[in-house]
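What follows is one structure encoded as structure tokens, with my remarks underneath.
Everything quoted here is computed from the prediction, not taken from an experiment. Here is how names work: the chains are called A, B, and so on, in the same order as the sequence lines, proteins then strands, and each is numbered from 1.
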Amino acid sequence: MLFNSWPFFAFLPVVFVLYWYVFNSSLRLQNILVLAASYFFYAWWSYKFLGLLVLSTFLDYLYGFGVASADRRKSKFFLWLSVLNNLGILGIFKYYNFFALQVQSAVGRLSMHFDPVLLHVALPIGISFYTFHGMSYVFDIYRGRQKPVSDFVDYAVFVSFFPLLVAGPIERASHLLPQVQRRRRFDYRQAVSGCRLILWGMFKKVVVADTLAQVVDYSFKNYDTQSGYVLLVSAIAFSFQIYGDFSGYSDIALGTAKLFGFELLSNFRFPYFSRDVAEFWRRWHISLSSWFRDYLYIPLGGSRQGRAKAIRNTFIIFLVSGFWHGASWNYVTWGFIHACGFLPLLLLSRNRTHVLDTVAHDRRWPDMRELYQMLATFIFVTIAWVFFRAPGMSNALHYLMRIFTDSIHHPAQYLRVPPYLYPGVLIIPMLAGDWLYRRDEREYHIPVWAGLIIFAATMVYFMATLNHNVSFIYFQF
Amino acid sequence: MKTFIIRVAAFIGVGLLLAGVLYVPFYLWYFHQRVPIRQQQIIARSAPSEVSLVLGSSHSFFAIDARYLGADCFNHSSPSQTIYEDYLILRSVASTRKVGFIILPFSYFSNFTKLGKAIEGERIRMFDYEKACHASYVHDRDYYRAAWMAAVEIAHFGTMVDFHKILLDERGDFDRPCTSASHTLADSLEAFQRHSICLDFSSRNPYYDSIFQFCAKRGIKVNLIVFPFATGYKNQIQQGDPGFERMVTYFRELKMENYRFLDYRDFIKTNEPYYFENADHLSACSMDTFSKVLSTSILR
């Protein structure tokens, strides 16, 4: 079920009313309802893969008890069993074909023949997210941050909570499980805040991202016949499309969770206002980057075991992060580019320059230096996005090369924008809204009149265009 | 909790009202571009680098299923669409895509100039070339069309994917067997009386020339077609209308690829009422047949 679809618009109020009015007599009943609703939400996409979700959840639930064992060897054994189990599921469904084809290609270079058996199954939606939830749970138990949960329903709610089930944020057991096990009471302010987030997320997805998707899809598909300026505009458009799409999804997820009394981890903090790549990664897909930091980078030694290891670990985390997105060299290259952008900051010990502050923190507008830094970071990120979006490595390289054709020097062509792209200017209110709340991303204090305009604009787009039932980009991961 | 639900419901209610109010100018804005948003988006989404277009008014709209002409062919006609709008649509699509061929109907509607005196006098606003030349001019008809299409969309929202198909669905006979007989000879006579006094081929529609020049410049093949009319109507035209002869002459002068289906009896039984929605519009069952024949003729 998609957030931006009519079934969800019916599903959410029904579950909300049942949750607070019918099942509110006990915490367990509420959790059972949330679990049932989550499985229904998932099965709406494909009931066949629901079994895989339940099986994965159940196995990690069992492993949790083994990992909690006082015997360190037994504990470690179950930890690795869980890791193998989760990575095995991911490996089979997400990476098997990729590796099989790589082997075939390598063997072919040796003038030998290898005909691999390929899997012809769809990638189960949300698999990268719920397997990471499971691993987060056993890691936290292993580190003593979390005790194994005795009630399967509680644990299953943590893994399968419908707002975050298919595209995150990737929650930590130590953060979400206590909320699952604690009695929740309706909080008016929290619910209103949730509605605001849902509204803003819908606007970003339906109005901005799906409108920009039209030019992006066309340009990336037909880049060899497009002029340089069109490709440049499309690359910039994709930067905003993926931001509107994914941060829109995250906003809706956070907002929906708030309606049920949960506070999820923040996933975005206005990444395009970043002044360097390090800051960008503290603001983009935060739940994933912090997951890799806590469960991969730090266990590998982080930056505390000498410069060489810090560089090695940086590359590992970025390459793995790229590979997490999909079984393609494009994503690995995308991660590699970001690692290269991060490297100078690491070597100059400037990777933690902007940790706590926000741009133009005590001012209304950024100064020239900040503006330059933001622009440079945005250009860097946009170039990397081309590798993320293009269907293949050679396509990405050709796309970038074609930008620098003669047409890029003819500004008059920039004015020839097809009418259906005019709504692209709606990135301006999106950025304006983000800029206004850049210091406190969790609280969009949207005035009622502005909220009504945003709501009406979203509904008009929803009804009058094809911008509904359009899948989220991160669903494919 | 109750306060929350009441306030959210009130917010949604007011928001939907506001959305309804915004919907009309939004649509008009797109109609100002003369290319329905949904059709633009269908082309944008399907994203072939080369497309072909069916243009024209209700005659094309109700007669041609573009799917028979190839996956990249789109029916961009709509009821009451003028040649001027055809030109704008073609220009708009050609700005982002290579256009392979167009199907351009040559109908009486394209050349109405004296409607002021006719029963359908209000239509003069639709076919007034001079006023249509000004892009800022919004016809009353635009409001009518916007309201009509908005009504159709509201009735179907959430389910539609293809503007053309939906409007045909709205007619109720897109995928149904042809069982209803809606056209009678009396309709033909009445339609003839309505239309014949309005024709004047001495005032040639300048936008035909614009389209021809545009297509010649871009290497776009133009297929001119005349649609079948029901027997009674056709006979009336052929027997009593000097405009018909002028039209045939005009066609000859153009020396362009043309398909005159007016006389066809092989595939459309012009004396069978259920093949016609009314005197001069094909019905859904003949749309299928006609589209196949058109496809064979053009692709040959």
Legend entry - side-chain contact (heavy atoms from CB on, under 4.5 Å) between R189(A) and F4(B), intermediate numbers included: CA-CA 9 Å; R189(A) 290 187 58 159; F4(B) 173 76; over 6 Å; no

Inset, instruction - Kindly write out the residues that satisfy side chain to side chain contact (heavy atoms under 4.5 Å, CB included) with A457(A), not counting sequence neighbours, or none if the list is empty. - result: none

Inset, instruction - List in chain and number order the residues that pass side chain to side chain contact (heavy atoms under 4.5 Å, CB included) with N31(A), two or more places apart in sequence or in another chain; answer none if no residue qualifies. - result: L27(A), V153(A), D154(A), V157(A), V180(A), R184(A)

Legend entry - Contact listing (chain B partner; residues 16-26 of chain A; heavy atom under 4.5 Å): F16(A), W20(A), Y21(A)

Inset, instruction - Name the region of L17(B), side chain, backbone, both or neither, that has any atom closer than 4.5 Å to a heavy atom of chain A. - result: neither

Legend entry - Taking every non-hydrogen atom, the tightest pair across A456(A) and A19(B): CB-N, 3.6 Å

Inset, instruction - Could you tell me which non-hydrogen atom of F11(B) sits nearest to which non-hydrogen atom of L199(A), and how far apart they are? - result: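 Residues F11(B) and L199(A), closest heavy atoms: CZ-CD2, 4.0 Å.
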
Inset, instruction - Check the surroundings of atom CZ in R183(A): do more than 12 heavy atoms from other residues, nucleotides or ligands lie under 6.0 Å from it? - result: yes

Inset, instruction - Please identify each residue that fulfils ring pair (Phe, Tyr, Trp, His ring centres under 6.0 Å) with F162(A), with sequence neighbours left out. - result: F11(A), F41(A), F260(A)

Legend entry - Criterion side-chain contact (heavy atoms from CB on, under 4.5 Å) on L18(B) and F455(A), from CA distance to verdict: CA-CA 9 Å; L18(B) 187 59; F455(A) 177 84; over 6 Å; no

